[in-house]
S.K.: 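My questions all concern the structure below.
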Amino acid sequence: MSGAAVVGVPASAGHAAQSPGSLSPRDSRIGNQERPNRLKAGLQRVATALIILLLLHAAQLTHAQQPSCDEVTRALTKAAAFFHDHVSIHGGYVYAFSGDLQKREGEGVTDEHTIWVQPPGTPLVGEAMLDVFEATKDAKILGYAKEAALALAQRQLQSGGWHYGAHFETVSEKKDFHRFDLDWKPVPDRVPENERAISVGWDVWKRRTFEANLTILDDDTTQSALRFLVRIDKVLNFAEPRIHDAALFGLKSLAQAQYPNGAWSASYDRFPDQSPSNDGFPVKKASYPDDWPRKWPKDFTGCYVINDDLVADAMHTMLRAHEVYGDARYLECAKKAGRFFLLAQMPDPQPAWAQQYDRDMHPVWSRAFEPSAISSRESETVMEALMMLARATGDKSWLAPIPKALAYLRKSLLPDGKLARFYELKTNQPIYFQRKKGGGDEMTYSNARPADHYGFIIDPILDEIEAEHRRLSAMPKPAGERPIKETPAELSKAAREIIASMDERGAWVQHGVKMKHNKGVPPSGVIFSEVFAKNVAKLCNSIGVGHRPPLSQ
């Protein structure tokens, strides 16, 4: 044992051995006064050796507690099998299930005919299944992921993307605009040809004439579905034509819905046979309006949307498509989105970003609690997206806007080190919202009692952004993935805890928590798709596999 070897090193090594009780010539000169010092030094050496032994023993215990690769892969297989066998509906998933599997919900209570696309729904679980397959090489797990992909492909809309949820019931077929029916028979596009031929853009799309055909880009809905389809298409060696076709059709739709300046709107209700024109949506640099309304104008004039990471998620989708298919058109879409971020950075004194802009590139209201303002959270996401683009292209010029934005946001920190979500244009006063009597939201400059339905105060990630910016700036050519935050020791500890928290079925159940839309706290607990995906990611990362999203939020 190495510890014994350390403890067993004699203090007098290198000297001649002495008979018990004898004194060397050196000993005879020490005298009684220095003997206590010799004893103290000896005790210190013994104490040091004991400390080393204890540390080595603790290290061995820690190592023994680290789950082996086999333990991790067994846990991953068990968790994936439970989720597929007991939670999946038509191959897809929703947000949450009661522990007894009697209740389920997405953005509302759902039934046995409904899956959810908006994260954390089917695409997120599908990506997790692919991570498990990468870790285990188990063909059954790949089959689970394939079922999820086919569920999405069968419910793809004729506009090219997906709505928040998707339904598998014959009644809905009469009103929904799916590309295929439930027997996989192609359905003709129900949008009249004259409607498809007209000039497109937010002026047309926001009317939602074909509501049931609405491709949603809000909350990473269509983007996440496409990223998953593109990834599994590659894993399947492009051999499943339904998945391959859905991926390419959706990417074409997304590319043609991009504005001349590189942005996207929150949704569109028909397949964009042509892109919005430069005449209708001229390319401009962001600027401050002369004035802006302090009350919600109830007018959705913001055609260019950064809110909820919309453009960043679309950029991520196009970068993955380029990586998988090698088509330069997808890379150009991603770069075009990057150029929009450069255009959208506000001038001094607030060189950051707003949630959305009108066609004149002025920040404008969205919902009743999303004002014309600088948004700290969206600004953080834009900086991360620019670093993602720099890593993908090897071009450091995309990093140029970041230092000014970081400096501005650091100056805007609240006394407690947090950031307000919104800062007033030009004055930089923090803006909050309070609930009015009788309902609704009211803008205020006081943070005494902000409404709790929205993140009006956020924990900044400026240090993480600055560290990654420094790392990329130091490279001759930025490359690689965004580093994992956790150390190997932290990942091992998390893996052990995750495995221990799994029940005998292979489920991770949270007890004492509410479901958002089903009333009450289920006695059997709640199973969350997001928890499943996060636990899978941690377990995979602990053994060095699994994909890493390039955005931390």
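Everything numeric here is computed off the predicted structure, so don't read it as measured data. Note: hydrogens, waters and symmetry copies are ignored here, and every other heavy atom, side chains too, is used. For this chain, numbers begin at 1 and follow the sequence in order.
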S.K.: How would you list, by chain and number, every residue that makes a ring pair (Phe, Tyr, Trp, His ring centres under 6.0 Å) with Phe532, sequence neighbours excluded?
M.R.: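 With sequence neighbours excluded, Phe532 shows a ring pair (Phe, Tyr, Trp, His ring centres under 6.0 Å) to Phe83, given in chain and number order.
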S.K.: Using the side chain to side chain donor-acceptor pair (under 3.5 Å) rule, take Thr301 and Asp299 through it: C-alpha gap first, then chi angles, then the decisive distance, then the call.
M.R.: CA-CA 6 Å; Thr301 56; Asp299 181 18; 4.7 Å; no
S.K.: Please enumerate all residues that pass side chain to side chain donor-acceptor pair (under 3.5 Å) together with Asn447, with sequence neighbours excluded.
M.R.: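 With sequence neighbours excluded, Asn447 shows a side chain to side chain donor-acceptor pair (under 3.5 Å) to no residue whatsoever.
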S.K.: Can you name the one residue among Met315, Arg377, Glu380, Glu384 that meets side-chain contact (heavy atoms from CB on, under 4.5 Å) with Asp309?
M.R.: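 Exactly one option meets the side-chain contact (heavy atoms from CB on, under 4.5 Å) with Asp309, and it is Arg377.
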S.K.: Quick one: which residue pairs count as a salt bridge (charged side-chain N to carboxylate O under 4.0 Å, His left out) with a foot in residues 320-332, not counting sequence neighbours?
M.R.: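 Every pair satisfying salt bridge (charged side-chain N to carboxylate O under 4.0 Å, His left out) with a residue in residues 320-332: Glu127-Arg320, Asp327-Arg329, Glu332-Arg339.
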S.K.: Just checking, Arg294 and Trp292: is the charged tip under 6.0 Å from the six-membered ring centre and within 45° of the axis?
M.R.: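 Yes, cation above the ring, under 6.0 Å and within 45°.
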S.K.: Taking the side chain as C-beta and beyond, is there a heavy-atom pair between Met383 and Trp353 under 4.5 Å?
M.R.: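 The answer is yes; the side chains approach within 4.5 Å.
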S.K.: Please report whether the ring centroid of Phe456 lies less than 6.0 Å from that of Tyr432.
M.R.: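 They do not qualify: ring centres at least 6.0 Å apart.
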S.K.: Should Arg104 and Tyr95 be marked as a side chain to side chain donor-acceptor pair (under 3.5 Å) after you check the CA-CA gap, both sets of side-chain angles, and the distance that decides it?
M.R.: CA-CA 8 Å; Arg104 48 197 299 121; Tyr95 286 3; over 6 Å; no
S.K.: Nearest 0.5 Å, what's the CH2-CE distance between Trp398 and Met388?
M.R.: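 Here the interatomic distance stands at 11.5 Å.
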S.K.: For Tyr304, check ring pair (Phe, Tyr, Trp, His ring centres under 6.0 Å) against everything at least two apart and list the hits.
M.R.: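 Partners of Tyr304 by the ring pair (Phe, Tyr, Trp, His ring centres under 6.0 Å) criterion, ordered by chain and then number, come out as Tyr259.
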S.K.: Check each of Arg470, Arg471, Lys485, Arg482 against Glu464 using the salt bridge (Lys or Arg N to Asp or Glu O under 4.0 Å) test, and report the only one that passes.
M.R.: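 Going through Arg470, Arg471, Lys485, Arg482 one by one, the salt bridge (Lys or Arg N to Asp or Glu O under 4.0 Å) with Glu464 is satisfied by Lys485 alone.
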S.K.: Do other residues, nucleotides or ligands put more than 12 heavy atoms under 6.0 Å from Asp452 CG?
M.R.: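 Counting other residues, nucleotides and ligands, CG of Asp452 stays at 12 neighbours or fewer.
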S.K.: Would you call Thr317 and Leu254 a side-chain contact if the rule is heavy atoms closer than 4.5 Å?
M.R.: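 Answer yes - side chains close enough.
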S.K.: Tell me every residue that passes ring pair (Phe, Tyr, Trp, His ring centres under 6.0 Å) with Phe271, counting only those two or more places apart in sequence or in another chain.
M.R.: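 Ring pair (Phe, Tyr, Trp, His ring centres under 6.0 Å) list for Phe271, sorted by chain: Phe249.
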S.K.: Is any side-chain heavy atom of Leu248 closer than 4.5 Å to one of Tyr325?
M.R.: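 Yes. Closest side-chain heavy atoms under 4.5 Å.
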S.K.: Once rounded to the nearest 0.5 Å, what's the spacing between atom CG of Asp459 and atom NZ of Lys418?
M.R.: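 If we round to the nearest 0.5 Å, Asp459:CG and Lys418:NZ are 3.5 Å apart.
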S.K.: Begin from the C-alpha positions of Ser412 and Asn428 and carry the test side chain to side chain donor-acceptor pair (under 3.5 Å) through to its verdict.
M.R.: CA-CA 8 Å; Ser412 302; Asn428 211 47; 3.1 Å; yes
S.K.: Partners of Ser372 by side chain to side chain donor-acceptor pair (under 3.5 Å), sequence neighbours excluded?
M.R.: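 Result, side chain to side chain donor-acceptor pair (under 3.5 Å) vs Ser372: none returned.
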S.K.: Would you check if the side chain of Glu378 reaches a backbone N or O of Ala354 as a donor-acceptor pair within less than 3.5 Å?
M.R.: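 It does not hold such a pair.
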S.K.: Distance from Met361 atom CE to Ser287 atom OG, nearest 0.5 Å?
M.R.: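 Reported value, rounded in 0.5 Å steps: 8.5 Å.
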S.K.: May I have the step-by-step check of side chain to side chain donor-acceptor pair (under 3.5 Å) for Glu105 and Asn518, ending in yes or no?
M.R.: CA-CA 7 Å; Glu105 64 182 31; Asn518 286 278; 3.1 Å; yes
S.K.: Assess the residue pair Lys538 and Glu486 against the criterion (salt bridge (charged side-chain N to carboxylate O under 4.0 Å, His left out)); give the C-alpha distance rounded to whole Å, side-chain angles, the decisive distance to 0.1 Å, and a yes or no.
M.R.: CA-CA 9 Å; Lys538 282 280 196 300; Glu486 298 88 353; 3.1 Å; yes
